[in-house]
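The structure appears below as structure tokens.
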Amino acid sequence: MKLVWLRNDLRRLDNPALFYACDTQAGVTAVVTLTPQQWQLHSEAPARLALWRDQLIALKADLAELNIGLRVLQLNRFDQVPVALQQLATELKADTVYFNYEYPLNERQRDRQVCAELEAAGVRCLGYHGELIIPPGQVVTGQGGMFKVFTPFSRAWRQQYLQQLPEPLGMPACQPELTPSDRLPDDLGFKALAAALMPYDSQRWPVGETAVHARLNDFIECAVTDYASQRDFPAVDGTSRLSPYLSIGALSPLQCLQCLKVESGSDAWLDSIWMNELIWREFYRHLLVAWPNMSRLEPFRPEVEQRISWQHQPALFDAWCRGETGYPIVDAAMKQLLTTGWMHNRLRMVVASFLTKLLRVDWRLGADFFMAHLIDADFASNLGGWQWAASVGADAAPYFRIFNPQIQSEKFDPDGDFLLHWLPELTDVPRRQRHLPGAGQAMGRPAPIIEYKSARQSALDDYQQRS
DNA sequence: TGTAGGTTCGG
DNA sequence: CGAACCTAC
């Protein structure tokens with residue numbers, strides 16, 4: 001018997017752990033570990049957990065077609081996982097546990113402890129890099145170190161990719177006999193965890209193999225060519241909207257790239273801007289592995305952060321969290337996040353720049369807030385993005401890159417469609433004035449919590465200061 | 001994956 | 001007077 005420990009890899013196709021477990025036809029049981037207390041410590045977003053649950057429910061049925069049963073271990077913290085898995089392996093007489101690596105420090109430590117426990121009990125542990133296209137450590141500089149800048153990393157990454165030409169794995173082999181699942185209600189026992197979950201728009205984020213692959217194909221066939229011109233407009237559905245699926249592993253990045261490559265029918269996919277987004281994801285994961293302090297919330301460039309005096313003003317942070325800064329584009333973006341669990345990528349940059357540069361609130365608070373709310377929350381990409389915005393990351397934005405919320409709004413939501421959708425109070429404000437800080441105050445919108453010009457100047461003075 | 005403030009050029 | 005371009009932050 002083989003055990004497959006599923007985590008954020010809820011898919012049958014191109015799942016190395018699952019594929020190789022099924023290879024031997026020795027009988028396979030899948031297992032998940034529920035650790036609500038750990039989720040809380042990690043600020044796991046309730047919408048993301050609900051998506052994960054629903055994808056797991058769909059996957060359970062798909063696994064049954066391969067004669068693979070599902071066991072659910074109800075635990076609390078990571079430190080309870082080793083013994084629980086060892087006991088299950090013993091009960092099922094499993095000789096091997098398969099899983100796909102996760103890269104944050106706590107997860108890696110958990111996996112090390114699990115493997116130690118299992119191996120002490122005579123059970124083999126096999127890990128795979130199913131979450132990445134190219135495994136960590138395989139894209140390095142001439143000196144053998146990790147790239148600190150994206151562009152050369154991207155060049156080396158493409159070279160590596162063309163050399164190896166990895167192909168996604170197919171459907172795992174069907175097992176001789178259905179292994180028994182836990183007897184669980186239809187919701188797999190998640191009812192007890194209701195407090196940790198939040199409903200999300202299941203029309204926008206359908207789960208299950210068919211729906212997820214339909215979404216991928218639809219994007220690649222219809223939208224990827226317009227991606228470069230459309231992706232920056234929050235009122236337009238111009239992004240792939242695949243990130244939640246990548247986050248829970250309903251899709252692998254290799255499947256995304258393969259789909260792009262096959263559909264393009266030429267070498268055009270090599271120039272696709274969208275491919276860059278997949279490579280950014282690889283970049284930040286490689287970085288997380290090469291540099292453990294990233295998991296500990298250390299900035300990549302402490303010498304820059306040292307110059308910054310974070311303002312500890314809870315009232316300002318709270319106003320940002322609630323979407324009541326008085327800056328329409330910032331507030332509309334935050335309301336989109338609070339209501340739907342998702343925020344358009346351009347707006348993530350706008351609100352992150354606003355929080356770190358204009359309010360000068362520590363980027364860690366923003367990063368934690370995003371983790372707690374985003375349906376596509378991703379530890380590595382989130383840290384990378386926030387450090388980028390705060391100018392303390394690898395290949396960070398220059399410190400003087402400060403977004404002007406009003407200009408961003410006028411440029412990327414020229415008709416104010418996005419603003420109106422989330423801030424209907426602005427309906428009667430003349431079109432041109434909707435972008436202004438303080439717009440709609442007569443209709444109950446908040447006054448601006450900071451004055452842009454002076455806040456920008458303070459940030460410049462702060463970041464610029466010689467040490 | 002920026003902005004401000006300048007200059008130049010054409011209508 | 002605005003668009004286009006340049007440069008420092």
Side-chain angles (χ1 to χ4, degrees), chain A residues 147-155 157 224 226-236 238-241 243 271-284 287 300-301 303-304 307-308 327-330 333 336-337 342-360 363 366-367 370 374 376 378 380-414 418 432 435-437 448 450-467:
Chain A
F147 285 95
K148 296 177 172 67
V149 178
F150 176 73
T151 315
F153 173 86
S154 168
R155 198 173 303 127
W157 189 95
V224 74
D226 298 327
Y227 179 76
S229 68
Q230 296 299 303
R231 63 165 175 169
D232 273 326
F233 299 98
V236 176
T239 65
S240 73
R241 280 143 56 217
S243 53
D271 307 317
S272 162
I273 306 268
W274 184 63
M275 183 169 160
N276 260 347
E277 304 302 315
L278 293 175
I279 304 178
W280 272 105
R281 185 178 172 284
E282 303 263 315
F283 178 60
Y284 285 137
L287 202 62
F300 194 76
R301 298 183 54 188
E303 74 284 4
V304 176
R307 302 204 294 257
I308 312 166
Y327 283 73
I329 192 66
V330 173
Q336 179 180 42
L337 176 62
W342 187 81
M343 191 193 291
H344 189 279
N345 179 252
R346 161 72 35 187
L347 301 179
R348 297 187 196 196
M349 294 188 277
V350 172
V351 301
S353 175
F354 190 88
L355 187 72
T356 57
K357 299 282 171 70
L358 298 179
L359 300 184
R360 271 192 294 152
W363 59 271
F370 267 26
L374 281 170
D376 61 5
D378 178 291
S381 300
N382 189 55
L383 288 179
W386 275 93
Q387 292 198 18
W388 177 87
S391 303
V392 298
D395 201 14
Y399 71 87
F400 45 78
R401 186 170 292 164
I402 300 170
F403 287 63
N404 180 329
Q406 185 191 326
I407 291 178
Q408 290 285 314
S409 187
E410 288 166 346
K411 247 210 232 172
F412 298 113
D413 189 32
F418 182 80
R432 285 291 175 63
H435 306 284
L436 298 176
I450 44 114
E451 196 270 311
Y452 172 73
K453 243 183 127 171
S454 55
R456 173 176 193 274
Q457 199 49 55
S458 308
L460 285 174
D461 294 345
D462 210 20
Y463 273 81
Q464 216 172 352
Q465 145 222 166
R466 308 254 148 242
S467 39

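Convention: sequence-line order gives letters A, B, ...; per-chain numbering from 1. Because only heavy atoms are used, hydrogens play no part in the values below, and waters and symmetry mates are left out as well, while side chains stay in.
Residues from residues 272-284 of chain A lying near DNA chain B, meaning a heavy-atom separation below 4.0 Å, are W280(A) in numerical order.
Distances shorter than 4.0 Å separate some side-chain N or O of N404(A) from OP1 or OP2 on dA4(B). OP1 or OP2 of dA4(B) has not a single side-chain nitrogen or oxygen of K453(A) nearer than 4.0 Å. The phosphate of dA8(C) (OP1 or OP2) has no side-chain N or O of Y399(A) nearer than 4.0 angstrom. One finds a side-chain N or O of Q408(A) lying less than 4.0 angstrom from the OP1 or OP2 phosphate oxygen of dT3(B).
R432(A) and E410(A) are not joined by a salt bridge, as no carboxylate oxygen comes within less than 4.0 angstrom of a charged side-chain nitrogen. Ion pairing between a basic and an acidic side chain is recognised when a charged N comes within 4.0 Å of a carboxylate O; D376(A) and R348(A) show such pairing.
Here the side chain of S391(A) pairs a donor or acceptor atom with the backbone of A397(A) at under 3.5 angstrom. Remark: side-chain polar atoms of K411(A) are not paired, donor with acceptor, to backbone N or O of Q406(A) under 3.5 angstrom. Without hydrogens or angle criteria, S353(A) side chain to V350(A) main chain gives no donor-acceptor distance under 3.5 Å.
Between F150(A) and F283(A), the ring planes lie perpendicular to each other; the angle is over 60°, past the 30° to 60° tilted range.
Nucleotide dA8(C) holds its P atom 17 Å from the CD atom of Q457(A), rounded to whole Å. Here the P atom of nucleotide dT1(B) and the CE atom of M349(A) are 9 Å apart, to the nearest Å. Distance CG (D395(A)) to P (dT1(B)): 10 Å, rounded to an integer number of Å. Here dG5(B) presents its C1' atom at 10 Å from CZ of R456(A), a figure rounded to the nearest Å. One atom, CZ of R401(A), and another, P of dG2(B), lie 6 Å apart when rounded to the nearest Å. Computed from coordinates, the L358(A) CG to dT3(B) C1' distance equals 12 Å when rounded to whole Å. Rounded to a whole Å, the CD atom of Q230(A) is 18 Å from the P atom of dT1(B). K357(A) has its NZ atom 12 Å from the C1' atom of dC9(C), to the nearest Å.
Among the atoms of the strands shown, only primed sugar atoms or phosphate atoms (P, OP1, OP2) are found under 4.0 Å from some heavy atom of K411(A). Using a 4.0 Å heavy-atom distance criterion, F150(A) is classed as making no nucleic acid contact.
At a threshold of 4.5 Å between non-hydrogen side-chain atoms, the residues L358(A) and R456(A) count as touching.
Of all nucleotides listed (dC9(C), dG2(B), dT3(B)), dC9(C) comes nearest to the side chain of Q464(A).
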